[in-house]
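What follows is one structure encoded as structure tokens, with my remarks underneath.
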There are 4 protein chains.
Amino acid sequence: MTNADALPFHDVEFRVRYAETDQMGVVYHTNYLIWCEVGRTDFIRARGMSYADIERAGIGLAVSELTCRFHGAARYDDLIRVRTTLAEVRSRGITFDYVVTRAADGGKLVTARTALVSIDRNGRPVALPPGVRGLFEPG
Amino acid sequence: MTNADALPFHDVEFRVRYAETDQMGVVYHTNYLIWCEVGRTDFIRARGMSYADIERAGIGLAVSELTCRFHGAARYDDLIRVRTTLAEVRSRGITFDYVVTRAADGGKLVTARTALVSIDRNGRPVALPPGVRGLFEPG
Amino acid sequence: MTNADALPFHDVEFRVRYAETDQMGVVYHTNYLIWCEVGRTDFIRARGMSYADIERAGIGLAVSELTCRFHGAARYDDLIRVRTTLAEVRSRGITFDYVVTRAADGGKLVTARTALVSIDRNGRPVALPPGVRGLFEPG
Amino acid sequence: MTNADALPFHDVEFRVRYAETDQMGVVYHTNYLIWCEVGRTDFIRARGMSYADIERAGIGLAVSELTCRFHGAARYDDLIRVRTTLAEVRSRGITFDYVVTRAADGGKLVTARTALVSIDRNGRPVALPPGVRGLFEPG
């Protein structure tokens, strides 16, 4: 398949769960990073393959580096939007950028970047198979 | 408001997150109970008031009892449906039933019940305010 | 091995993590059930085998039923004690009881019971192997 | 109090919980960051004040930036050691470094840094009170 028309980013929306808050009354900070993973899962599905299928084919994408800045705080029941952008495709990995906003007013909450490495079933780094790499390349 | 037409149950759907799986390859069991809370949040919103608003009005709904049976296992990326049903309204609390299914084939995963008690800002049991109780009664 | 001297219960202690609180200012309710699992892991290790070893031998113990009552609320940084008691051993499963208390004053927070079924690598119910069953029987 | 003898780092140890694993068979990546918070909570307590007390005095420490590198994977039941080191104290915040290792063999799992800003009850940045700042300064 080609991705000639593939957008360079993908948006997903969902509401903040009560379990995701902490006693400061806002979302506990590591939950934003779980949301980033929801964002990249949905990005990959939008390219035509689910990450679940990639794993069934024997390839995992493991986070190797992560940077994150916290600009604002999400609250329980807020509608959240995660915009996931493909930053880089390498022979053995992919890097994504994320912007997490409050959907109601576009308020910026978190910006983050994760570098992922492709690994085999034994956790060893391997080249991205062409079928997977193709999902992330211009057609 | 009246709820003459209010359905006795409410459905919400979402996908399983990677973070919710465990090394058995299925969803870790306590996550189903977080999903039940997503279900009752959405049930309450469908009745015309968000649980966030109820808390802002000074009333919390705290889980006092919980029973749960596990019938099947959800997997990463499965589309999940939580059906929340109002089981009972008491002067100081509400009981909900839940059926969690795999949306693709209707496979039953979990059935659960939670009893909630209404508490004030200091954690003391109080009667449900009429405005809140009204949400759960036939019109 | 024999367990002639095995205590019928086992205690484990740890502190409440910030991530475990919610915006009510107390521990989010499903976290108590994660603590119960910490309790049974430690119970099993005290009997002479780690649950990790049991899984490596091809047997999983999956929660099939769970009941829980919430009596009081734990707060961030509280020292928590989980007392795990063996309630029943069946050919295909084990049932544990738990009492979660605040260590400082013994205040009762949660009582719970979980029934576990033994499953093979494909998730099918199987008899507990004698070596595992023996861990839970009087010597 | 003075901290003339205060060590520049602090270690805490605990075991990996089953709930912290994912279907790759290792610890889900955001859990290491929850462990870092366990590390800094324990670091602060070792300096003579609990973070719970700091919050009761009206000051919160919110994560504003986070960087993290993943070097190896922790598994269920591994004994984990988090070494927390004070990196910098500023008028309105503190930065900590973390090294997460497997205690059995010292294998390095994660290195991370978090910048925290001090905020008041309304979430506004404020100067660290002298009593709190003193905890982190040489005597």
Side-chain angles (χ1 to χ4, degrees), chain A residues 10 12-23 25-63 66 73-80 82 84 96 102 104 114 116 121 123, chain B residues 10 12-23 25-63 66 73-80 82 84 96 102 104 114 116 121 123:
Chain A
H10 180 77
V12 62
E13 291 187 0
F14 48 83
R15 283 190 185 272
V16 175
R17 300 173 176 185
Y18 205 90
E20 294 170 332
T21 63
D22 68 22
Q23 70 180 37
V26 295
V27 168
Y28 183 73
H29 70 289
T30 67
N31 289 314
Y32 296 96
L33 300 166
I34 293 177
W35 297 350
C36 290
E37 188 237 86
V38 171
R40 69 177 172 268
T41 288
D42 226 57
F43 179 104
I44 294 171
R45 185 186 297 110
R47 290 295 174 105
M49 194 177 191
S50 78
Y51 177 67
D53 289 333
I54 294 175
E55 279 205 349
R56 273 188 283 270
I59 298 292
L61 293 171
V63 179
L66 178 162
R75 292 178 182 277
Y76 167 60
D77 210 40
D78 281 351
L79 187 63
I80 298 299
V82 180
T84 303
F96 289 106
R102 199 186 299 111
T114 58
L116 307 169
R121 293 189 199 276
Chain B
H10 180 78
V12 62
E13 291 187 359
F14 47 83
R15 282 189 186 273
V16 175
R17 300 174 176 184
Y18 205 90
E20 294 170 331
T21 63
D22 68 22
Q23 70 179 39
V26 294
V27 168
Y28 184 72
H29 69 290
T30 67
N31 289 314
Y32 296 96
L33 299 166
I34 292 178
W35 298 348
C36 290
E37 189 237 87
V38 171
R40 68 178 173 267
T41 288
D42 227 56
F43 179 102
I44 294 171
R45 184 186 298 111
R47 292 294 173 105
M49 194 178 191
S50 79
Y51 177 67
D53 289 332
I54 295 175
E55 279 206 348
R56 272 188 283 270
I59 297 293
L61 293 172
V63 178
L66 180 161
R75 293 179 181 275
Y76 167 61
D77 210 42
D78 281 351
L79 187 63
I80 298 299
V82 180
T84 303
F96 290 105
R102 198 185 300 111
T114 57
L116 307 169
R121 293 189 199 276

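All values reported here derive from a predicted model rather than from experimental measurement. Order of the sequence lines fixes the chain letters, A, B, ..., with proteins taken first and strands second; residue numbering starts at 1 for each chain.
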Task: Atom group of B:Phe14 that falls short of 4.5 Å from chain A, counting heavy atoms - done: side chain

- [ ] Taking the side chain as every heavy atom from C-beta outward, state whether A:Arg45 and B:Asp77 have any atom pair closer than 4.5 Å.
- [x] yes

TODO: Salt-bridge test for B:Arg17 and A:Glu20: reply yes if a basic N is under 4.0 Å from a carboxylate O, no otherwise.
DONE: yes

